[in-house]
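Here the structure is laid out as structure tokens; the discussion comes afterwards.
In what follows, every chain begins at residue 1, and chains take the letters A, B, ... in the order their sequences are listed. All values reported here derive from a predicted model rather than from experimental measurement.
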Protein chains: 2
Amino acid sequence: MSPRPRKDERSINLQQAIKETAWQYIAEYGAPALSLRAIARRLKITAPAIYNYYPDRDALVTALIIDAYTSFGDAQIAARDAFAEHDIIGQLHAIGHAYRQWALAHPQRYQLIFGTPVPGYVAPMDQVFPAGARAFGVLVSVVEAARRVGRLRTDLFPPITPGDETALEEWRRFGGDADALSLSVAVVIWARVHGLVSLEISGILPPIGAGIDALYEYEMASIERQFFRTNNHD
Amino acid sequence: MSPRPRKDERSINLQQAIKETAWQYIAEYGAPALSLRAIARRLKITAPAIYNYYPDRDALVTALIIDAYTSFGDAQIAARDAFAEHDIIGQLHAIGHAYRQWALAHPQRYQLIFGTPVPGYVAPMDQVFPAGARAFGVLVSVVEAARRVGRLRTDLFPPITPGDETALEEWRRFGGDADALSLSVAVVIWARVHGLVSLEISGILPPIGAGIDALYEYEMASIERQFFRTNNHD
DNA sequence: AGTGTAAATATACGATGTTTATTTTCACGA
DNA sequence: TCGTGAAAATAAACATCGTATATTTACACT
């Protein structure tokens with residue numbers, strides 16, 4: 001009935017507008033409540049029009065995840081590059097701080113990445129992995145830099161098993177030239193940070209009051225003590 | 001039209017049967033895909049009949065979460081009590097092992113507890129907290145036992161802020177008589193374990209191959225070294 | 001034996017993702 | 001300038017979901 005609106009009366013890039021509206025919706029109601037019809041309603045569009053830009057809802061979710069990973073990675077890259085390359089502890093601390101701050105500023109995006117956002121959705125690794133590897137690669141780069149100058153503590157670390165080597169090649173296709181040891185250490189560090197942050201965001205931490213800031217700082221200090229040398233003589 | 005079936009022809013306790021069917025459904029399709037109508041279909045029931053046992057879907061989800069927490073807590077309690085009370089390291093290691101094993105055996109339950117299972121659902125803390133506190137309390141009890149015999153390392157731990165004390169009282173109403181320091185140390189330990197386990201379950205760990213077992217063991221050893229003394233002279 | 005209550009069904013409503021068919025708009029070549 | 005064809009939007013429909021309402025059935029108790 002009603003005619004199609006003129007091109008200059010609507011958003012130039014509707015594909016981008018859909019994502020932005022989706023982010024608004026996610027920020028308000030959370031990732032699992034994402035609704036194509038609600039997005040269309042806000043854009044004064046009918047729901048099937050979205051299918052001209054995304055084949056289905058999963059594709060939109062994938063695009064959102066990739067965008068979130070990109071923003072997440074940008075924040076960490078900026079934090080790392082604010083410190084000199086030789087200042088490994090400074091870079092590490094900055095990354096850890098940026099990690100938590102980004103997560104607290106965008107909890108829905110964090111849960112979109114690491115949670116189970118949508119029923120039946122499984123992230124297509126071939127599309128998501130590069131963006132995720134870029135974000136994770138920031139930490140890996142610092143660990144690897146420490147290892148190269150002999151400032152990575154690996155005494156008690158479990159030996160790298162042969163199976164890890166084949167997996168490492170897949171990583172190198174995206175993430176860089178870190179070796180298996182640096183990658184494993186980075187995973188352990190990442191898991192510690194992710195554990196605290198995800199529990200904090202989920203709101204299921206037991207009542208320890210306002211001490212979360214201090215606990216997070218303590219964990220960052222623990223990581224630095226355990227895995228890094230301040231010089232290469234100790 | 002069709003008459004109501006005889007009582008002895010159907011499940012004695014339909015309330016329990018609904019939960020069991022829900023678990024089946026969750027195990028197959030994941031927590032976010034939980035559907036009341038699908039449950040009813042499997043039970044050869046109409047969907048509104050469920051409302052005689054649960055006021056809405058959120059109530060069912062809450063019941064499932066409480067059941068999951070109970071099972072999770074049982075596993076850790078059994079693991080702890082398999083070691084003598086004075087064997088703190090043994091108990092700690094057993095709890096950590098049981099934690100991961102339970103999560104790997106029931107990944108959907110783990111994600112139901114710690115993820116965002118259902119759009120718009122927020123866990124009612126007054127109902128869920130006791131069950132969650134019981135599961136978390138197992139770790140707390142071991143940490144507190146170590147503290148009481150002077151085997152908890154607290155040198156570098158951040159001081160407990162005054163705000164934590166008021167929050168502690170709320171914990172004591174459910175969890176026991178641990179003090180604020182033990183509670184905070186337990187949170188840090190929990191976060192480390194949760195971080196690795198949740199990343200492993202989500203399948204978003206970078207390709208480090210089969211080394212996850214070794215990394216987990218390494219982290220448990222790290223926890224023991226950092227927070228516990230083998231005797232009270234060191 | 002009759003009656004009231006509890007539990008199930010039947011039906012319906014609004015919302016969702018998605019498909020199909022139809023209409024409208026725009027860009028481009030004759 | 002005028003068609004023409006492709007692109008993009010709408011319209012309508014379908015199956016599914018959670019849930020509310022009204023109705024019917026079965027059982028327990030007096």
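- Going from atom CG of A:N52 over to atom P of D:dA9 covers 5 Å, rounded to whole Å.
- The distance from atom OH of A:Y29 to atom P of C:dA15 is 13 Å, rounded to the nearest whole Å.
- Within 4.0 Å (heavy atoms only), B:Y54 reaches no atom of the nucleic acid at all.
- Ring pair A:W190/A:F114 is tilted by interplanar angle, where 30° to 60° counts as tilted.
- A distance of 6.5 Å separates CZ in A:R109 from CH2 in A:W102, rounded to the nearest 0.5 Å.
- Remark: A:Y121 OH to A:L112 CG distance equals 7.5 Å, nearest 0.5 Å.
- Spacing between atom CG of B:L14 and atom P of C:dA6 amounts to 17 Å, rounded to whole angstrom units.
- There is no side-chain donor-acceptor pair under 3.5 Å between B:H97 and B:E217.
- Summarising the geometry, the separation between CD1 on A:I18 and C1' on D:dA8 is reported as 12 Å, rounded to the nearest angstrom.
- For the pair A:R100 and A:Y216, the cation sits on the ring face: its NZ or CZ lies under 6.0 Å from the ring centre, inside 45° of the axis.
- Atoms CD1 (B:I45) and C1' (C:dA10) sit 14 Å apart, rounded to a whole Å.
- For the residue pair A:S71 / A:D74, no side-chain donor-acceptor distance below 3.5 Å is found, with atom types taken as modelled.
- At whole-Å resolution of the value, CD in B:Q15 and P in C:dA7 are 10 Å apart.
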Could you list, one pair per line, each protein nitrogen or oxygen that sits under 3.5 Å from a nitrogen or oxygen of nucleotides 16-20 of chain D, together with the distance?
from, atom 1, to, atom 2, distance (Å)
D:dC17, OP1, B:S35, OG, 3.3
D:dC17, OP1, B:R41, NH2, 3.4
D:dC17, OP2, B:R41, NH2, 2.4
D:dG18, OP1, B:L36, N, 2.7
D:dG18, OP2, B:L36, N, 3.0
D:dG18, OP2, B:R37, N, 2.9
D:dG18, N7, B:R37, NH1, 2.4
D:dG18, O6, B:R37, NH1, 2.7
D:dT19, OP2, B:Y51, OH, 2.8
D:dT19, OP2, B:R57, N, 2.9
D:dT19, O5', B:Y51, OH, 2.9

